[in-house]
Each structure stands twice: as structure tokens, then as C-alpha cells.
Amino acid sequence: MGKIGQDWTAEMTVKLPAELTAVIALPETVTVAEAVAFLEARGIAAGLDAARFHTLSTETRGLRGDARKRARRAGAPARADVMAQGPEVFAQGFQVIGDTARIAWQSQAAHAKATGTWSEASGEAAPRGWRLAWTGYDAYNPATDAEIPANEHPARFTANLDRAETFVRAALAALPVTEARIRRSDEAGAFPSVPLVGQDDLLYAAPPALIDGAYESAQRFLDCWDRAEPISDGMVLALRGRDLIDQNAFWAHTLEGQTALARAARPGGVTYSAPRLNAARSAIIEQLPQRLDQLGYDRAAKRVEFTAYLPEGEALGPRDLLQLATLVKSGLPDGQPVERILVTFATRAMAEPAARALSDLGIEGQYFGEDGAFHPLQL
């Protein structure tokens, strides 16, 4: 899954992600000293010394503003003191910060907020524990929006992506990892948004039980990725778009897989928020198949009606879903409001693969039955 057939990298200015980050979730039984020792053993713990430890807790109480504006402690605690601290201290905002890595405590609520991909309806949250993050590549350039000529920097990005995957695999082999990912930070957001993973995740690893809580089965989840493999201690690891450099090409590559993940997710775990599309991505969408045909707009009912003809075995694709999500969010392009959307299918067999997506979007569906009457589409 994931490939949609076109080569989006041809004649394209390379756009790198703003950031490439590997994130490892560890249980609370792991100590700070063990996490730091792992970083140091991997040779990526630059800056993890006493002069770089900061606290954002005691000294910032009563201050207003977000964490970026808060004062840091003057000086630094001794390294041994930091290594001896447990979750109760780190939960107050204390972090171990290095040049490219950091270790922080993360509650279930913080995990949900940080990933933006979990809800109570979608399954069990990742357990409380440590969040170990390593930034392997930071290409953000405000002057160019990270767009650079194809002959510059991609080799550096690829090398750091190799390091990020090596880092994750080493953690899976050496530590009791509860969840892991490599994320290519993307400003557009996921479409659709699904449990556990973002569209900018190119690698994800977790125990099948965690995936089963959010999807109909772990196998259906894994089938939506380019490749998957079992890891020690019962973990599974999935990859997609591993060899792609350009950010728009990666986004295009994941479109079909992302909609397949939405179909595989348990009810209540998917949202279809229309993303912000740059010119390159709008062009990608316009070249995708379109199965919806707009019949018209009922001004009195504020209702838009579509018909849809789907080849056997197909479901509504990214282009159609994006059109519907945009209508739900913004109404018609001329500003007329839309309160209802109705999609009519020629047969029940065509309608059923689209039922979950229409339900998640809050859109009505119906099909023409063998009895010559229209029947409402239900999950």
C-alpha cells in the first residue's frame, strides 16, 4: 500500500522536511541513567553533560506564557543528582536536554497531545513512561521554507535517516521499548488523521496488542504500509516511503496507505480535517482518480448531492475524500453554506466500502437497490 503509481520526484525541486526525529517510548521502570547510557553508547549524546541539564519546574511556577518563554534555572544540577531523579520530579517539567537529544517524562495525556493521533474511542493509550527523542536532521530555513536545489543536502538527509533507523533498531534491541517512530515533520497535518500514527511517520513500531486496540487487527494495520517485520519481544515494525527524499513525494506516496488505515481503524478513531495544500500537492491531488460526480445544490435544504460509481473492490479515494472534507469544513467555493451532503451509489456493493468514511465525515449515503428503491447506507 501507499504507492499511487506516479513518479512525483521527476522535475521537482526537492523539499526536505523541517525536521527528522526519532522518538522512543520507554516504561517508567527504566531509569534516567539507563536512558542516558543508551544515548552515550550510540554516540549521539552530544551535550548531555551537567552544563546542559535544565529545569523548567520550580523556577517557572507562577510565570505566564508557554514553555519557550519560561526562564531556565541559572546554573545546572550535578550530573549524579540528575541521574538519581525519578518520574515524580520529571513529571513537573524537568528534562535532560542535549544538543540533538532529550529525555522527558510523558503521561498518557501528554502522549495524546504530542502525537495528536489518539482518542479514547480509538483504543488504549501508550503507557506512562519516558520519551527519548533524537533530532537527526533539522533543515528548516525561514528564508526558503526548506526548499533547496536537488543537488544540495539530500545526501546529508539520507545519511541522517539511516542513522535514525539504526538508532530505533538499536533501542528495540537494547531497551524495553513500548512504542517507536521516525517522523518527517510536515506542516500540513494528516489526511485523514488516524490512531497511533501521523501521515509524516515513515517508521512505526509497537506491540500488536496496542495496534489491535485501535484497529480491526494488527495485520490490517501492517498491510497499509510498504513493508513490515517482526521484532524481538513481540514488537512489529512498519516502514513506508523509506527511500524518498522529497517531502511532497513522501506525502503523495502515503495518501492511499493513509486512507486504507482509516478504513482499518476502529469506529470513532478517524477524523477528516481538510489539510493545507501547497501548489505541488494540489497538483498531485488533481491527477488522482475522481469517482464523485456532483449533481447539484439544493439551496432550500442547503444540501449538495453526488453520485459515485466505484469499480469493483474500490473505495472512495483521497481526491474524493478531500473534496467532501472541504465541503464539510468550508461549504461551497462561492460561499454558499452546506448543511447536508448526500452521496448516491448505483449498487449496495459499491456503497459498502465507502460507508465508514462517509460516517466519519458525517455524510449521508444511499444506494439503488434491486427492488428499484433507494436504501440508506448504514455501517
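Scope of the values below: all heavy atoms of this structure, side chains included, with no hydrogens, waters or symmetry mates.
No single ILVMFWY cluster, assembled from side-chain heavy atoms under 4.5 Å apart, contains both Val23 and Leu175. Hydrophobic clustering of Ile, Leu, Val, Met, Phe, Trp and Tyr side chains at less than 4.5 Å, counting indirect connections, keeps Leu295 apart from Val338. Under the 4.5 Å side-chain heavy-atom criterion for grouping Ile, Leu, Val, Met, Phe, Trp and Tyr, Leu310 is not connected to Leu342 through any hydrophobic cluster. Hydrophobic clustering of Ile, Leu, Val, Met, Phe, Trp and Tyr side chains at less than 4.5 Å, counting indirect connections, keeps Leu358 apart from Phe368.
Checking side-chain atoms of Gln247 against main-chain N and O of Ser185 turns up a donor-acceptor pair under 3.5 Å. When atom types are taken as modelled, the side chain of Asp212 and the backbone of Ala218 share a donor-acceptor pair closer than 3.5 angstrom. A donor-acceptor pair under 3.5 Å links the side-chain atoms of Thr178 to the main chain of Ala25, judged by distance alone. A donor-acceptor distance shorter than 3.5 angstrom exists from the side chain of Arg184 to the backbone of Ile245, with no hydrogens or angles considered. When atom types are taken as modelled, the side chain of Arg183 and the backbone of Glu19 share no donor-acceptor pair closer than 3.5 angstrom. Looking at Asp298, its side chain never comes within 3.5 Å of a backbone N or O of Arg303 through a donor-acceptor pair. Remark: side-chain polar atoms of Arg266 are paired, donor with acceptor, to backbone N or O of Tyr215 under 3.5 angstrom. Side-chain N or O atoms of Gln258 include none that pairs as donor or acceptor with a backbone N or O of Phe191 at under 3.5 Å. The backbone N or O of Arg281 lies less than 3.5 Å from no partner atom in the side chain of Asn248, so there is not a single donor-acceptor pair. Put simply, the side chain of Asp246 gets close to the backbone of Lys15: a donor and an acceptor are under 3.5 Å apart.
Partners of Arg227 according to the side-chain hydrogen bond (donor to acceptor under 3.5 Å, both in side chains) rule, which considers only residues two or more places apart in sequence or in another chain, do not exist here. Residues satisfying the side-chain hydrogen bond (donor to acceptor under 3.5 Å, both in side chains) criterion with Thr344, sequence neighbours excluded, are Gln366.
None of Arg181, Glu179, Arg240 except one satisfies the side-chain hydrogen bond (donor to acceptor under 3.5 Å, both in side chains) rule with Tyr204; the exception is Glu179.
Taking the six-membered ring where tryptophan is involved, the planes of Phe38 and Phe167 are tilted, since the angle between them lies from 30° to 60°.
The salt bridge (Lys or Arg N to Asp or Glu O under 4.0 Å) pairs that include a residue from residues 333-352 are Lys302-Glu339, Arg340-Glu364, Arg348-Glu352, where partners are two or more places apart or lie in different chains.
The residues Arg242 and Asp162 are annotated as salt-bridged, a charged nitrogen and a carboxylate oxygen being separated by less than 4.0 angstrom.
Summarising the geometry, atom CG belonging to Asn160 is positioned 11.0 Å from atom CD1 belonging to Ile182; distances are rounded to the nearest 0.5 Å.
Heavy atoms of other residues, nucleotides or ligands lying less than 6.0 angstrom from OH of Tyr309 number 12 at most.
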